[in-house]
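Beneath this line is the structure, given in structure tokens, with notes to follow.
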Number of protein chains: 2
Amino acid sequence: MTEWLTEREQASWRNFIMSVHDLMAALEADLAPHGITMGDYEVLVWLSEADEQRMRMCDLAGALQLSPSGLTRRLDGMVRQGWVQRASCSSDRRVAWAQLTDTGLQKMQQVAPAHVASVRRHVLDPLGPKGVDQLGALFGRVRDHLQALPTA
Amino acid sequence: MTEWLTEREQASWRNFIMSVHDLMAALEADLAPHGITMGDYEVLVWLSEADEQRMRMCDLAGALQLSPSGLTRRLDGMVRQGWVQRASCSSDRRVAWAQLTDTGLQKMQQVAPAHVASVRRHVLDPLGPKGVDQLGALFGRVRDHLQALPTA
DNA sequence: GGCGAATAGTTGCAGACACAACTATTTCGT
DNA sequence: ACGAAATAGTTGTGTCTGCAACTATTCGCC
């Protein structure tokens, strides 16, 4: 309840805040030579894991933590590249399916090893197994806490 | 060196990735009613801690992990609000100082408690002292590792 | 059954940011 | 001491994203 952070708290917090930016930049940079962004890659991953390799736009937006309009435009680009298709839903004509194409699946399979290696190199290896478990536990707690008060 | 992540690794990694987005959004949302963004707030913090409460643009950009042009525009906005001033440097006429104003310092002092409370609420409290130390240690390792290979 | 509310998606618009190109100034090698 | 290279900052441009407004469809309650 104090007004300020302790030295320790401040050091930890800044370590975190400043690492995140560099980390994301490094992952993005590792993926760039393979001709895809993290954003598009994540779409491929979610769709590839989904039932029939397709998702409703709104569910996909939720999974990606993206606004509806943001997803619309991201998908526009991916459709242009032939990685996904839009398909209409017969049972609910409001929804649009985002459907992974064969090309998209191939792209994902082609790029995934590089991304996995990148995550390993920048995060998992430096932290070690113990550290990775800690990471998961810490952010699990943060996540639970955040979801407990979504609109506070 | 495996091609994929283990279940454990995947769970930890996704916990992290998805938490970060929500966490930043929550911090931003807590600050918004006070009429300032995280980005501008961080500028105020850095300047308030700096010698004579001013920094060279390039140093400030580095501290904020922002591109030169990004900082130029952010400062434009903050100058408009009267929180900072630009000043020229007599010893090196290439550099522009970003100088915190009294108004800017007051603004920072006024909103800081809210931000500190927000960080406590969303991160430090859920993690506890042990967790906070772990957080700092983990990202210290990530950060060291990243800085070891800046342009790889 | 029918009308208001909720939900799915897209589009217009504005903001934040990075990269590239440019100017101005300083530093360094010879 | 002079010219090339490095450094500091700004501006032009394009991309990504979110919010607000809008249409279309479905759901729920009377």
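All chains are named by letter (A, B, ...) in the order of the sequence lines, taking the proteins before the strands, and each is independently numbered beginning at 1.
No donor-acceptor pair under 3.5 Å is formed between the side chain of Ser88(A) and the backbone N or O of Ala96(A). Gln147(B) places no side-chain N or O within donor-acceptor distance of the main-chain N or O of Asp144(B), the cut-off being under 3.5 Å. A distance-only check finds a donor-acceptor pair linking the side chain of Ser12(A) to the backbone of Val132(B) [under 3.5 Å].
Of the candidates Leu75(A), Leu47(A), Leu100(A), Ile36(A), Trp83(A) forms a side-chain contact (heavy atoms from CB on, under 4.5 Å) with just one, namely Ile36(A).
Of the residues in residues 16-29 of chain A, none lies under 4.0 Å from DNA chain C by heavy-atom distance. A heavy atom lying under 4.0 Å from DNA chain D marks the following residues of residues 46-64 of chain B, by number: Arg56(B), Met57(B), Cys58(B). Within residues 69-79 of chain B, the residues that have a heavy atom under 4.0 Å from DNA chain D are, in order of number, Ser69(B), Thr72(B), Arg73(B).
Between the CD atom of Gln99(A) and the P atom of dG9(C) there is a distance of 14 Å, rounded to whole Å. Put simply, CG on Asp40(B) is 14 Å from C1' on dC17(C), counting in whole angstrom units. Nucleotide dT11(D) holds its P atom 8 Å from the CZ atom of Arg86(B), rounded to whole Å.
A heavy-atom distance below 4.5 Å is not found between the side chains of Val142(A) and His122(B). Contact annotation: the side chain of Arg141(A) approaches that of Leu138(A) to within less than 4.5 Å [non-hydrogen atoms, C-beta and beyond].
Pairs passing the salt bridge (charged side-chain N to carboxylate O under 4.0 Å, His left out) check and including a residue from residues 86-103 of chain B, sequence neighbours excluded, read Asp76(B)-Arg86(B), Asp92(B)-Arg94(B). Residue pairs satisfying the salt bridge (charged side-chain N to carboxylate O under 4.0 Å, His left out) criterion with at least one member in residues 127-137 of chain A, sequence neighbours excluded, are listed as follows: Asp133(A)-Arg8(B). For residues 42-79 of chain A, no pair satisfies ring pair (Phe, Tyr, Trp, His ring centres under 6.0 Å), with sequence neighbours left out.
The side-chain hydrogen bond (donor to acceptor under 3.5 Å, both in side chains) test applied to Ser67(B) returns Ser69(B), not counting sequence neighbours. Residues meeting the side-chain hydrogen bond (donor to acceptor under 3.5 Å, both in side chains) test with Asp59(B), sequence neighbours left out: Arg56(B).
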Identify the pairs formed between an N or O of the protein and an N or O of nucleotides 21-27 of chain D at a distance under 3.5 Å, and give each distance.
| unit_1 | atom_1 | unit_2 | atom_2 | d |
| --- | --- | --- | --- | --- |
| dT26(D) | OP1 | Arg93(A) | N | 2.9 |

key: Residue pair Gln85(A), Arg54(A): steps toward the side-chain contact (heavy atoms from CB on, under 4.5 Å) verdict   = CA-CA 9 Å; Gln85(A) 288 177 342; Arg54(A) 65 183 188 179; over 6 Å; no
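Taking each heavy atom of Cys89(B) and Val95(B) in turn, the nearest pair found is CB-CG2, 3.0 Å.
The end-to-end axis angle of the helix from dG1(C)-dC30(D) to dT30(C)-dA1(D), rounded to 10 degrees and based on five pairs per end, is 30°.
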Pair up each side-chain donor or acceptor in residues 104-119 of chain B with any protein partner under 3.5 Å, not counting sequence neighbours, and list the distances.
| unit_1 | atom_1 | unit_2 | atom_2 | d |
| --- | --- | --- | --- | --- |
| Lys107(B) | NZ | His34(B) | O | 2.9 |
| Ser118(B) | OG | Asp30(B) | OD2 | 2.5 |

Would you list the atom pairs, donor with acceptor, under 3.5 Å between side chains in residues 14-28 of chain B and any protein atom, with sequence neighbours excluded?
| unit_1 | atom_1 | unit_2 | atom_2 | d |
| --- | --- | --- | --- | --- |
| Arg14(B) | NH1 | Glu49(A) | OE1 | 3.4 |
| Arg14(B) | NH2 | Glu49(A) | OE1 | 3.3 |
| Arg14(B) | NH2 | Glu49(A) | OE2 | 3.1 |
| Asn15(B) | ND2 | Gly136(A) | O | 3.0 |
| Ser19(B) | OG | Phe139(A) | O | 3.1 |
| Ser19(B) | OG | Asn15(B) | O | 2.7 |
| His21(B) | NE2 | Gln65(A) | O | 3.3 |
| Asp22(B) | OD1 | Gln65(A) | NE2 | 3.0 |
| Asp22(B) | OD2 | Gln65(A) | NE2 | 3.4 |
| Asp22(B) | OD2 | Arg143(A) | NH1 | 2.9 |
| Glu28(B) | OE2 | Met38(B) | N | 2.7 |

